[in-house]
Structure formats: structure tokens, C-alpha cells
Protein chains: 2
Amino acid sequence: MAEKPTLTLDQLLCFSVYSTGHAFNRIYKPLLDEVGLTYPQYLVMVVLWQEDRQTVRGIGSKLFLESNTLTPLIKRLEVAGLLTRERDREDERQVRVVLTEQGRALQQKAADVPDCVFEACGMKLDELVDLTRKLTTLRNALEKSAQ
Amino acid sequence: MAEKPTLTLDQLLCFSVYSTGHAFNRIYKPLLDEVGLTYPQYLVMVVLWQEDRQTVRGIGSKLFLESNTLTPLIKRLEVAGLLTRERDREDERQVRVVLTEQGRALQQKAADVPDCVFEACGMKLDELVDLTRKLTTLRNALEKSAQ
DNA sequence: TGATATTTAATCGTGCACGATTTAAATTAA
DNA sequence: TTAATTTAAATCGTGCACGATTAAATATCA
């Protein structure tokens with residue numbers, strides 16, 4: 001059998017995704033430091049700003065994360081005074097995450113973050129939209145393949 | 001001033017990157033379990049298979065990681081018997097990472113991993129190459145913007 | 001040369017991710 | 001209605017990432 005040529009990093013789609021994720025983090029870090037959030041915490045807040053009173057599982061299904069990751073993260077947001085956690089009366093297994101006034105107010109403080117990040121991308125908006133769409137399709141294919 | 005419409009996750013390029021990264025990890029996990037590596041460890045091995053005896057800094061510059069991440073990771077690979085670490089004679093500040101026979105042999109054991117991952121992507125090769133190139137461009141723009 | 005600055009790894013603390021397990025509540029089946 | 005199963009959140013252990021700091025070696029310069 002023929003030898004495969006040695007693989008290089010830049011041939012790996014996964015590495016371009018992995019390293020771009022880190023690069024995004026480095027852009028977000030100083031911006032989110034201003035509002036006192038980490039990047040995963042920011043994502044949880046984005047999900048809650050869109051719809052309040054979601055369950056841990058509901059938030060997780062949007063972020064592709066589970067309670068083992070979310071529970072400690074959400075507890076930190078609770079300690080920060082941005083939300084409260086309450087058991088669902090209808091189904092006591094579920095915990096509903098509820099924004100505080102402070103948590104809602106943070107949306108305005110963080111309103112400029114997306115524009116700053118867009119700026120750093122150095123891409124035209126339509127290129128960016130196209131790339132987002134392609135990646136979402138890829139992600140869905142990968143998630144499906146992993147069952 | 002006009003209110004901005006509430007942001008949704010799927011409008012965020014960063015989230016498509018972030019969640020696709022996780023999805024890749026879920027694909028890689030069972031494949032890399034077979035060869036006893038984590039995904040970041042696999043990347044270090046890819047870098048070393050391409051060129052042996054690199055310094056920690058050299059490896060880091062390719063992976064966009066620093067010694068605070070790499071040193072413990074590389075030590076785990078050393079414990080696993082895949083490499084050794086030795087101080088550079090010329091410059092004692094530097095540590096050279098050297099593959100063992102076992103470390104080199106692992107390249108063959110992991111040879112099928114990229115094909116399996118490609119399969120899971122459900123994309124044509126030229127689409128994948130194009131996406132990789134666009135992400136690499138984006139990453140470089142972000143890294144530049146972050147200084 | 002000798003003092004200062006820079007560079008390289010390593011260390012430490014915090015916060016994700018995630019597999020595996022546990023606990024409690026709700027659902028389904030017997 | 002009780003027993004078995006499923007579901008939701010939480011807990012625990014391990015391994016990244018990364019900011020901040022430290023220690024040692026090298027480079028620069030007065």
C-alpha cells in the first residue's frame with residue numbers, strides 16, 4: 001500500500017475551526033471583560049435576552065451544551081446577580097433561569113460587542129453571513145453523524 | 001437612538017465557529033480514543049510528525065498556544081511514552097520535544113482518522129478546502145486585530 | 001565587563017467541556 | 001397503584017485555555 005503524504009495542520013478543516021475559535025476568544029476577551037462576562041457566559045446571556053425563563057436543558061439545546069457544563073456556569077451568573085434559578089412548579093425536575101433587572105440591563109451595556117467583533121473580522125457582511133451559513137450546515141452534518 | 005433588534009445565536013459567526021468546534025470534537029473523540037489521544041494532543045502529534053525535535057515555542061506558534069497550555073499537555077504525552085523532552089544544548093532556555101519510536105509509530109495507527117472525519121463532514125472536498133481557506137483568512141485577520 | 005532587558009518554560013488559579021455517575025421527579029407499564 | 005423506566009439537573013474527575021507570575025538562560029548595552 002502507498003504511503004500517505006504527511007498531514008499538515010493547514011490541511012485540516014477542524015484546525016481552522018479550532019484555531020479560529022481561539023482567535024475569536026482573544027477578540028472577545030477585552031470586550032467582555034468590560035461587561036464582566038466570559039464568552040460562554042455571554043452566549044447564555046444572548047440566549048436569555050432572546051427568551052427569558054428558559055430551562056437549563058432548553059438553553060443547552062441551543063448551545064449544544066449539557067447541565068454538567070451549564071450548571072456551574074449559570075451558578076456563576078447567579079452569583080454575579082444577573083439571573084436567578086427556580087424550580088419549575090409544573091415539573092420539579094426542571095430549573096428555570098430567570099434574568100434579574102441587572103441581567104436585562106446588561107444587554108444595553110453589551111450592545112456594541114457584536115459590531116466590534118465584526119470590525120475585527122475584516123470581512124464584508126455578505127461574506128460573513130455566507131460563512132456562518134456554511135459552518136452551521138457543517139455543524140449540523142457533524143452533529144447528525146455523531147448521532 | 002433606535003433600539004437594536006435582539007440578537008440571535010445563529011446570526012453570530014463566532015457561535016457557528018464555537019459550536020462547530022465542539023461538533024468536531026464529538027466526531028474526533030471516539031476515533032482518538034482508539035489511539036489514546038485527546039484532540040489537542042493529536043494536533044501536537046500532527047505537528048511533530050511533520051517535523052520532529054521542535055521547541056515548545058515552535059509547536060505553540062503553529063497551534064496558537066503557549067507554554068502554559070502546552071507544557072502540561074506535552075508532559076502527558078511524555079508519560080504516555082510518545083515523546084521525550086530535552087533541553088537544547090545551544091540554548092538551555094528551550095526545550096526540544098522528540099518523538100519516541102512509539103510516537104512515530106502512532107502516525108500509522110492514526111492514519112485513517114482524517115478520512116473518517118472528512119466522511120462525517122458530508123461535504124465535497126473542494127467545498128471543504130474552500131471553507132478551510134476562508135477560515136484561515138478569518139483567523140489571521142482576527143489574530144492581527146488582537147495584535 | 002557588569003548591569004539591565006528580553007526570552008523561554010514552567011507554575012498557579014479560574015473557567016470551561018465532557019464522560020460518568022447520582023438524585024429526584026415524572027412517565028410508563030404491569 | 002405499585003414497579004420499572006425515563007428524564008432533568010447536579011456532582012465529580014480530567015484535560016484543555018489562558019492571564020499572571022516566576023526562574024533561569026541569553027542578549028543587549030553602558
Side-chain angles (χ1 to χ4, degrees), chain A residues 14-15 17-30 32-33 36-45 54-61 63-80 85-97 143 146-147, chain B residues 14-15 17-30 32-33 36-45 54-61 63-80 85-97 143 146-147:
Chain A
C14 61
F15 178 67
V17 172
Y18 168 85
S19 55
T20 305
H22 291 164
F24 264 121
N25 236 311
R26 282 163 205 148
I27 295 294
Y28 268 103
K29 186 71 170 54
L32 292 179
D33 278 352
L37 294 173
T38 66
Y39 177 67
Q41 289 169 7
Y42 172 68
L43 292 180
V44 169
M45 294 303 286
Q54 294 188 68
T55 63
V56 173
R57 183 162 169 62
I59 295 167
S61 71
L63 296 178
F64 300 89
L65 295 172
E66 289 171 42
S67 65
N68 51 5
T69 299
L70 286 175
T71 296
L73 188 159
I74 290 171
K75 282 184 173 177
R76 279 175 214 116
L77 293 174
E78 187 175 34
V79 169
R85 301 175 322 123
E86 46 188 65
R87 287 279 162 187
D88 188 312
R89 290 280 173 72
E90 301 285 308
D91 184 343
E92 294 265 343
R93 290 173 303 185
Q94 299 184 135
V95 166
R96 297 223 164 252
V97 181
E143 290 287 349
Q147 270 87 325
Chain B
C14 62
F15 178 68
V17 172
Y18 168 85
S19 55
T20 304
H22 290 163
F24 264 122
N25 236 310
R26 284 163 204 145
I27 295 293
Y28 268 104
K29 186 69 169 53
L32 292 179
D33 277 352
L37 294 173
T38 66
Y39 177 67
Q41 289 169 5
Y42 172 68
L43 292 180
V44 169
M45 295 302 288
Q54 294 188 67
T55 64
V56 173
R57 183 161 168 64
I59 295 167
S61 71
L63 296 179
F64 300 90
L65 295 173
E66 289 172 42
S67 66
N68 50 4
T69 299
L70 285 175
T71 297
L73 188 159
I74 290 171
K75 282 185 173 176
R76 280 177 213 114
L77 293 174
E78 186 175 35
V79 169
R85 301 175 322 122
E86 46 188 66
R87 288 278 162 188
D88 188 312
R89 291 281 174 70
E90 301 285 307
D91 184 343
E92 293 266 344
R93 290 173 303 185
Q94 299 184 134
V95 166
R96 297 223 163 253
V97 181
E143 290 287 349
Q147 271 87 326

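Proteins come first, then strands; the chains are lettered A, B, ... in the order of their sequence lines, and each starts at number 1. In this text, all values refer to a predicted model and were calculated from it rather than measured experimentally. Hydrogens, waters and symmetry mates play no part in the numbers below; they use all other heavy atoms, side chains included.
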Atom-to-atom span, CD of B/Glu66 to C1' of C/dT7 - whole angstrom: 12 Å

Starting from P on C/dT14, measure out to NZ on A/Lys29 and report it in whole angstrom. 14 Å

Without decimals, in angstroms, what is the distance between A/Asn25 CG and C/dG15 P? 14 Å

Closest non-hydrogen atom pair between A/Val44 and A/Leu77, with its separation: CG1-CD1, 3.9 Å

Assign each of A/Arg26 and A/Arg96 the nucleotide of DNA chain D bearing its closest heavy atom; nearer the 5' end lies the nucleotide of A/Arg96

Separation of B/Ile74 atom CD1 from C/dT11 atom P, in whole Å? 13 Å

At 4.0 Å (heavy atoms only), tell me whether A/Arg85 reaches a base, stays on the sugar-phosphate, or touches nothing. sugar-phosphate

For A/Gln41 versus A/Gly36, what's the shortest heavy-atom pair and its separation? OE1-O, 4.1 Å

Roughly how many Å is it from CD1 in B/Ile27 to C1' in C/dC18, rounded to a whole number? 15 Å

Spacing of B/Leu73 atom CG relative to D/dA17 atom P, expressed in whole Å: 8 Å

Considering non-hydrogen atoms only, spot the tightest contact between B/Pro72 and B/Ser67 and give its length. CD-O, 3.8 Å

Is there a donor N/O on one and an acceptor N/O on the other, under 3.5 Å, for the side chain of A/Ser67 and the base of D/dA10? yes

Donor-acceptor check, side chain of A/Arg96 to backbone of A/Asp88, threshold 3.5 angstrom: yes or no? no

Would you indicate what B/Gln41 reaches in the nucleic acid, counting non-hydrogen atoms under 4.0 angstrom: base, sugar-phosphate, or nothing? sugar-phosphate

Side-chain N or O of A/Tyr18 closer than 4.0 Å to phosphate OP1/OP2 of D/dA17: yes

Would you indicate, yes or no, if D/dT11 has its OP1 or OP2 atom less than 4.0 angstrom from a side-chain nitrogen or oxygen of A/Lys75? yes

Quiz: residues 18-25 of chain B side-chain donor-acceptor pairs under 3.5 angstrom, not counting sequence neighbours:
| residue | atom | partner | partner atom | Å |
| --- | --- | --- | --- | --- |
| B/Ser19 | OG | A/Arg139 | NH1 | 2.9 |
| B/Ser19 | OG | B/Phe15 | O | 2.7 |
| B/Thr20 | OG1 | A/Leu135 | O | 3.3 |
| B/Thr20 | OG1 | B/Ser16 | O | 2.4 |

Between D/dA17, C/dG15, C/dA10, spot the one nearest the side chain of B/Pro40, thanks. D/dA17

Of all the heavy-atom pairs spanning B/Arg85 and B/Glu78, show the shortest one and how long it is. NE-OE1, 3.1 Å

Would you mind classifying the nucleic acid contact of B/Leu70 as base, sugar-phosphate or nothing, using non-hydrogen atoms under 4.0 angstrom? nothing

Taking OP1 and OP2 of C/dA9, is either one under 4.0 Å from a side-chain nitrogen or oxygen of B/Thr55? yes

Separation of B/Leu43 CG from B/Thr38 OG1 (nearest 0.5 Å): 8.5 Å

For the residue pair B/Phe64 and A/Arg26, what are the closest heavy atoms and their distance? O-NH2, 2.7 Å

Can you identify which nucleotide, out of D/dA10, D/dC18, C/dA9, has its nearest atom closest to the B/Val95 side chain? C/dA9

How would you label the contact of B/Arg87 with the nucleic acid (heavy atoms, under 4.0 Å): base, sugar-phosphate, or nothing? sugar-phosphate

Classify B/Thr69 by what it touches in the nucleic acid, base, sugar-phosphate, or nothing, heavy-atom distance under 4.0 Å. base

Which nucleotide sits closest to the side chain of A/Arg76: C/dG15, C/dC18, D/dA10? C/dG15

Starting at atom CG of A/Leu65, determine the distance to atom P of C/dC18, rounded to an integer number of angstrom. 6 Å

Atom CE of B/Met45 to atom P of D/dC16: distance rounded to whole Å? 13 Å

Name the pairs: protein N/O against N/O of nucleotides 20-27 of chain C, kept only if under 3.5 Å.
| residue | atom | partner | partner atom | Å |
| --- | --- | --- | --- | --- |
| C/dA26 | OP1 | A/Glu92 | N | 2.9 |

